[in-house]
Amino acid sequence: MLTLTMSRALNEGLRCALRDDPRVLVMGEDVGALGGVFRVTDGLLSEFGPQRVIDTPLGESGIIGTAVGLAMRGYRPVCEIQFDGFVFPAFDQIVSQVAKLRARTEGRQPMPIVVRIPAGGGIGAVEHHSESPEAYFAHTPGLRVVYPSSPSDAFRMIRQSIALDDPVIFLEPKRCYWHKGEVEPEAELADMPPLLAAQTVRLSPQRGVADGPPRYSVSIVCYGPTVEWAMRAAEAATQQGVTVEVVDLRALSPLDLGSVEASVQRTHRLVVVHEAPGRVGLGAEIAAAVSERCFADLYAPVQRVVGLDIPYPPNRLEGAYLPTPERILDAVAMTLAAA
Amino acid sequence: MSVQLDRRSEIRADARAAYARMVEIRLFEEQVNELFAAGLVHGTTHLCQGQEALDVALAAVLRDDDVVAATYRGHGIALALGMTPASVLAEIMGRSTGCTGGVGGSMHLADMSIGLLPTSAIIGAGLPIATGAALAFQTRGEDRVAVAVFGDGASNIGAFHESLNMAAVWRLPVLFLCDNNVYGEYSRIDRTTAVLDLSRRAAGYDIPGESFDGMDVDTARTAIAAAVDRARNGGGPSLLEARTYRFAGHSRADKALYRPEGELEEYRKRDPIAVRRSALLAQGVSEGELAAIDARVADDIAAVVATVSADPLPDLAAMFANIWTEPAAAAR
């Protein structure tokens with residue numbers, strides 16, 4: 001067991017993949033000599049050489065389009081998009097080719113491409129550098145979208161994503177790159193939990209604190225950078241006698257709705273948290289799915305704690321945009337008040 | 001050898017077979033047009049009458065293990081590379097016997113076994129894909145060549161620039177073959193494009209560029225062979241502009257009324273099949289022999305239409321298949 005930052009955990013995951021499978025390539029803008037602006041590809045060029053770790057020109061459509069051609073010739077490219085907002089020039093190749101080629105060729109041409117995207121805000125970096133583009137991709141059949149929240153998940157999920165024959169949009173919570181956590185670098189792929197499985201953590205009030213009424217409980221569904229804040233809100237809630245289940249989705253498409261449903265059936269209340277603007281987002285999808293599957297289990301309307309429906313705000317104002325622990329706690333209180 | 005590659009090898013060695021393939025493409029497209037009018041082809045189709053010489057020339061030059069990324073105007077290149085008329089027509093007619101089981105359709109022909117990468121409706125999408133295939137060949141040290149066939153309209157897409165630059169900076173074994181048929185969809189090239197000699201754009205990437213008559217199969221073959229040999233031997237990418245003309249409209253519904261008066265008639269005088277016919281006659285092939293070829297191809301196409309029209313549609317399950325590898329289904 002090693003204690004690594006998320007950036008370093010991803011770096012180790014890429015190193016394992018490059019070492020274990022000669023078909024794996026890492027490519028992108030300044031991923032080689034520089035080692036990536038977030039250091040995720042640091043040292044890979046010197047270890048694996050310029051044919052495996054490729055510095056590309058600046059041009060995202062060209063990068064992803066080239067990856068499609070490489071995949072057609074048997075490679076497994078892992079493409080880095082330098083910042084979330086830079087993925088949009090590649091959107092055409094991703095949604096029109098990468099997502100659809102497998103179906104269009106009756107499964108004969110899989111697209112084992114991973115597109116790594118540092119995503120989300122909270123680092124004072126304004127628009128184009130703080131976007132949360134997950135809903136665009138989750139809306140497209142054929143793409144998998146995943147968003148780890150911890151170093152251990154980042155290490156595990158990057159390895160699983162590279163090993164998978166489906167294309168994966170791999171979002172990395174950039175404000176968590178320097179968070180540390182325990183990573184098991186010797187873990188075998190076969191022993192890992194399924195890539196699409198959500199993780200549910202139940203936090204109960206400590207004895208003596210738990211004065212709340214029966215069924216004083218709530219589920220908080222979150223993913224990526226908001227998991228840390230959901231956990232903080234959950235811990236504060238337990239101090240007030242509330243039982244909280246924090247469901248870290250990990251995979252956004254396909255969605256592990258079974259885990260969400262099971263949690264709601266236990267807690268009867270649901271708060272969905274994400275950083276992307278709320279309108280037509282993942283929160284809306286989850287709320288709709290829960291109302292379809294287990295409406296009768298709900299004691300209160302579903303609450304969304306999400307980014308505002310505005311362009312990503314200027315850096316000095318982003319605190320008012322983000323779904324902070326305080327906003328999550330307010331939403332928890334709303335669900336309890338509704339009962 | 002597969003049926004497709006046998007068909008490919010025919011046109012390499014035998015000028016009559018190359019002529020026959022051009023006739024096959026012409027009659028095939030005319031047949032698709034008729035089937036569309038009869039309500040038997042749905043959606044849309046993009047026909048390539050007038051551009052047959054280029055498709056056949058390219059197929060005759062390439063080695064069996066080279067690859068081609070082509071466009072939605074792709075029936076001709078598919079037939080030239082060796083796909084059977086039955087396989088292509090069945091795909092166009094949405095039959096389960098088509099080259100991708102009827103799930104692709106006219107714009108999405110593919111046969112990976114002969115190096116035809118899946119075509120697509122997205123203008124210019126094939127350029128970076130061919131570039132990536134060429135990067136794979138270079139990385140593995142294989143002396144194979146990738147070709148991106150694209151229209152004049154695609155030369156204005158951002159991916160055109162990204163691909164040519166990338167291929168040039170890495171000296172990739174790729175040929176960028178622009179089939180300039182004068183029209184990007186419904187607009188004449190001089191209304192949309194600043195440089196009309198499209199091969200001049202090669203200078204921007206410091207790679208060889210050449211324009212040639214794409215309606216003459218021998219001229220096209222010579223130009224393509226030089227660029228393919230250069231790519232195969234480490235000389236890097238080239239940009240070729242084949243000057244052709246689209247006898248049909250952009251898509252099936254387009255009567256192309258935007259053409260200047262007399263333009264189509266002028267180009268028809270250079271009809272690639274008529275040009276080829278004259279050349280073969282001049283080389284001593286008899287009129288009777290050519291007429292026999294024409295008749296045989298027409299019979300073959302008619303037989304294919306009869307067979308394919310009776311082929312089954314895909315099962316409804318086909319539209320849910322192959323979107324993801326299996327575990328995704330478990331996420332319901």
Side-chain angles (χ1 to χ4, degrees), chain A residues 22-23 25 27 50-52 54 56-75 77 89-90 92-93 95-97 99-110 112 141-144 164-167 194-198 251 253-259, chain B residues 67 69 99-105 108 110-113 117-118 120-122 124-140 142 144 146 148 157-167 169-170 172 174 314 318-325 327-332:
Chain A
R23 300 171 300 172
L25 305 175
M27 58 192 295
Q51 290 198 321
R52 309 276 315 277
I54 304 166
T56 66
L58 310 183
E60 288 77 9
S61 176
I63 293 169
I64 302 300
T66 304
V68 172
L70 286 163
M72 285 178 175
R73 302 319 313 164
Y75 284 101
D92 163 47
Q93 284 285 344
V95 302
S96 298
Q97 310 299 335
K100 296 185 174 122
L101 274 163
R102 186 170 194 279
R104 197 196 292 157
T105 57
E106 294 187 293
R108 283 194 285 265
Q109 182 55 71
L143 297 177
R144 286 174 181 253
L164 198 66
D165 271 352
D166 290 330
L195 181 59
L196 58 76
S253 183
L255 267 170
D256 180 5
L257 289 170
S259 290
Chain B
V67 301
C99 59
T100 58
V103 301
H108 299 133
D111 188 342
M112 305 298 281
S113 76
L117 309 181
S120 110
I122 305 300
L127 282 97
I129 294 172
T131 302
L135 177 57
F137 294 154
Q138 184 188 65
T139 302
R140 291 213 184 93
E142 297 172 326
R144 299 161 71 180
I157 291 273
F160 168 89
H161 164 70
E162 294 183 39
S163 303
L164 267 69
N165 179 63
M166 236 188 282
V169 79
W170 292 335
L172 297 179
V174 56
M319 72 181 181
F320 300 102
N322 300 306
I323 297 168
W324 280 292
T325 51
R332 294 309 308 164

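Reminder, nothing fancy here: chain letters follow the sequence lines and each chain counts from 1.
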B:N322 side chain to A:R102 backbone, donor-acceptor under 3.5 Å
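Side chain of B:N322 to backbone of A:R102, a donor-acceptor pair under 3.5 Å: no, none is there.
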Do B:R140 side-chain atoms and A:R73 backbone N/O form a donor-acceptor pair below 3.5 Å?
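At least one qualifying donor-acceptor pair exists.
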Taking every non-hydrogen atom, the tightest pair across [X] and [Y]:
X	Y	value
B:P128	A:Q93	CG-NE2, 3.4 Å
A:R108	B:C99	NH2-O, 2.7 Å
A:A103	B:V103	O-CG2, 3.6 Å
B:P118	A:M72	CD-CE, 3.5 Å

Among B:A121, B:A133, B:A318, which residue has the highest count of heavy-atom pairs closer than 4.5 Å to chain A?
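The option with the most such pairs is B:A133.
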Tell me, out of B:A321, B:S163, B:A136, B:G104, who's got the most heavy-atom pairs with chain A below 4.5 Å.
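Going by pairs under 4.5 Å, I would pick B:A136.
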Contact class of [X] relative to chain B, heavy atoms under 4.5 angstrom:
X	answer
A:E106	both
A:T56	both
A:I54	side chain
A:S61	both
A:L101	side chain
A:Q97	side chain

Is there a side-chain contact between A:R52 and B:T139, using heavy atoms and a 4.5 Å cut-off?
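No, side chains not in contact.
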Flag the pair B:T325 / A:R144 as yes when at least one side-chain heavy-atom distance between them is below 4.5 Å, and no otherwise.
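Side chain of B:T325 against side chain of A:R144, heavy atoms only: contact under 4.5 Å found.
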Return the [atom1] to [atom2] distance between [X] and [Y], rounded to the nearest 0.5 Å.
X	Y	atom1	atom2	result
A:L143	B:W324	CG	CH2	8.0 Å
B:L117	A:T105	CG	OG1	11.0 Å
A:T66	B:L127	OG1	CG	10.0 Å
A:K100	B:S120	NZ	OG	10.0 Å
A:I64	B:I129	CD1	CD1	11.5 Å

If I measure from the heavy atoms of chain A, does B:F320 come under 4.5 Å with its side chain, its backbone, both, or neither?
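Neither; nothing under 4.5 Å.
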